[in-house]
Every structure is written in C-alpha cells, then in structure tokens.
Amino acid sequence: MGRRQRRSPETGTAPELAPGLYARLDGVDYPLGHRGSTWALWTGHQTPGFTPTGFTKHGTRRFFRTVAPDEQLECFRVARHGTYRDLTIEIVSSTPDQVVAVSRDPRSRDAGFSSIDRGQWSIALRTDDPDLRVTTTRTAVPAPWGSAGS
C-alpha cells in the first residue's frame with residue numbers, strides 16, 4: 001500500500017507522500033487503511049510491532065499494525081492538486097519520475113488526456129514537465145477509529 005516514510009539522513013526531509021490517509025507513529029508516517037473491520041497502519045518493510053500479511057499476487061510482502069480503538073495517533077490526509085497547461089488537476093499516483101493526473105475539465109481531451117470515466121480524463125506526465133505545477137497539502141483529520149469513526 002505504501003512505503004514507510006522516514007526522514008532522509010542526507011537532507012532531513014521526508015520523501016513525498018502519495019495522496020491518501022496517514023497516521024504518525026514514533027515519528028514515522030504510515031498509510032492508514034482498513035484490515036477487515038479494524039484500522040491498521042501499513043508498510044512494505046519489516047518493522048518492529050508490524051505483522052506480515054504474506055505475499056500479494058504481485059509478490060510483494062506487506063506488513064500491518066492494528067490500531068487500538070483508544071490509541072491516540074496524529075492522523076492526516078495528503079492531497080496533491082495543481083495545474084497542467086491551465087487545466088485544474090489532481091494527482092492520483094506518482095513515482096519519482098512520473099505522475100498520473102486526473103482532470104474534470106472537458107478541455108483535457110485537447111491536451112492529450114484519455115477518458116477514464118464520464119467527465120474525467122487522465123494523463124501520465126513526467127515530474128519535470130515545465131507545464132506541470134503541483135501543490136501538496138497535508139490536512140489534519142480526526143482519528144477515524146473509536147466510537148465516532150468505526
């Protein structure tokens with residue numbers, strides 16, 4: 001589901017987080033998602049306190065740590081929005097060299113986007129494309145588990 005996000009010893013900054021829901025545990029940001037009817041932190045790396053799930057159909061092993069209903073963790077949502085050739089876009093996935101952008105603007109067809117759904121178009125773009133402008137926002141959200149969020 002995602003990589004464990006540690007600060008780089010060289011720069012002291014965290015790698016770019018993919019869009020989604022996260023929780024911070026011991027100074028590390030982990031993707032947050034469901035495991036059955038409970039919430040869990042996820043990582044692709046063996047980590048103390050995390051349990052392996054086995055192998056996926058793609059051969060990658062994942063690890064999870066169930067979140068206790070009364071556990072207090074800082075939770076936040078990461079979103080990446082921007083513009084490409086004056087079109088409003090949302091980044092839905094990325095690698096270090098490429099992003100996949102989605103737009104609801106009908107002019108997207110003329111800018112090389114492919115239709116993915118009624119009123120939505122997507123395009124894969126290089127991260128160094130001079131027409132691409134992206135802003136990452138990190139918004140604090142209440143913990144989705146417990147009596148109010150189960």
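Please read all numbers here as calculations on a predicted model, not as lab measurements.
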(message) Please give me the minimum heavy-atom distance between P144 and L21, naming the atom from each residue.
(response)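 Closest heavy-atom pair between P144 and L21: CG-CD2, 4.3 Å.
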
(request) Grab the two heavy atoms, one from R80 and one from S94, that are nearest each other, plus how far apart they are. (result)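 In this case the closest contact between R80 and S94 is NH1-OG, 3.1 Å.
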
(request) Quick one: list whatever passes side-chain contact (heavy atoms from CB on, under 4.5 Å) with T88, sequence neighbours left out. (result)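 side-chain contact (heavy atoms from CB on, under 4.5 Å) check on T88 returns nothing, list empty.
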
(request) Not counting sequence neighbours, which residues clear side-chain contact (heavy atoms from CB on, under 4.5 Å) with V102? List them please. (result)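 By the side-chain contact (heavy atoms from CB on, under 4.5 Å) rule, V102 matches V92, I116, Q120, S122.
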
Is [Y] close to [X] at the side-chain level, that is, under 4.5 Å between some pair of heavy atoms?
X	Y	value
W145	T66	no
T47	R65	no
I89	L132	yes

To the nearest 0.5 Å, how far apart are [atom1] in [X] and [atom2] in [Y]?
X	Y	atom1	atom2	value
L73	W39	CG	CH2	12.5 Å
R85	I123	CZ	CD1	7.0 Å
Y30	H45	OH	NE2	9.5 Å

(request) Could you please spell out the steps behind the side-chain contact (heavy atoms from CB on, under 4.5 Å) verdict for L32 and V67? (result) CA-CA 9 Å; L32 181 60; V67 178; 4.3 Å; yes

(message) If hydrophobic clusters are built by linking Ile, Leu, Val, Met, Phe, Trp and Tyr wherever their side-chain heavy atoms come under 4.5 Å apart, do V99 and V134 end up in the same one?
(response)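 Cluster IDs for V99 and V134 match.
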
(request) Apply side-chain contact (heavy atoms from CB on, under 4.5 Å) to W121 and L87, showing your working. (result) CA-CA 11 Å; W121 295 268; L87 299 167; over 6 Å; no

(message) Does anything in residues 96-108 form a side chain to side chain donor-acceptor pair (under 3.5 Å)? List the pairs, not counting sequence neighbours.
(response)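 Of all non-adjacent pairs touching residues 96-108, those that pass side chain to side chain donor-acceptor pair (under 3.5 Å) are S103-S108, D105-R107.
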
(request) Can you run down the salt bridge (Lys or Arg N to Asp or Glu O under 4.0 Å) pairs that involve residues 133-144, sequence neighbours left out, and say none if there aren't any? (result)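 Passing the test, one end in residues 133-144: D29-R138, E74-R138.
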
(request) Enumerate the residue pairs fulfilling salt bridge (Lys or Arg N to Asp or Glu O under 4.0 Å) with a member in residues 115-126, sequence neighbours excluded, ordered by first and then second residue. (result)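 As it turns out, the salt bridge (Lys or Arg N to Asp or Glu O under 4.0 Å) pairs with a partner in residues 115-126, which skip direct neighbours, are R126-D128.
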
(message) Looking at T127 and P96, would you say the former's side chain and the latter's main chain have a donor-acceptor pair under 3.5 Å?
(response)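 Confirmed, T127 side chain pairs with P96 backbone.
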
(request) For residues 60-101, pull every pair meeting ring pair (Phe, Tyr, Trp, His ring centres under 6.0 Å), keeping only residues two or more places apart or in separate chains. (result)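 Sorted pair list: Y22-F76, W42-F64.
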
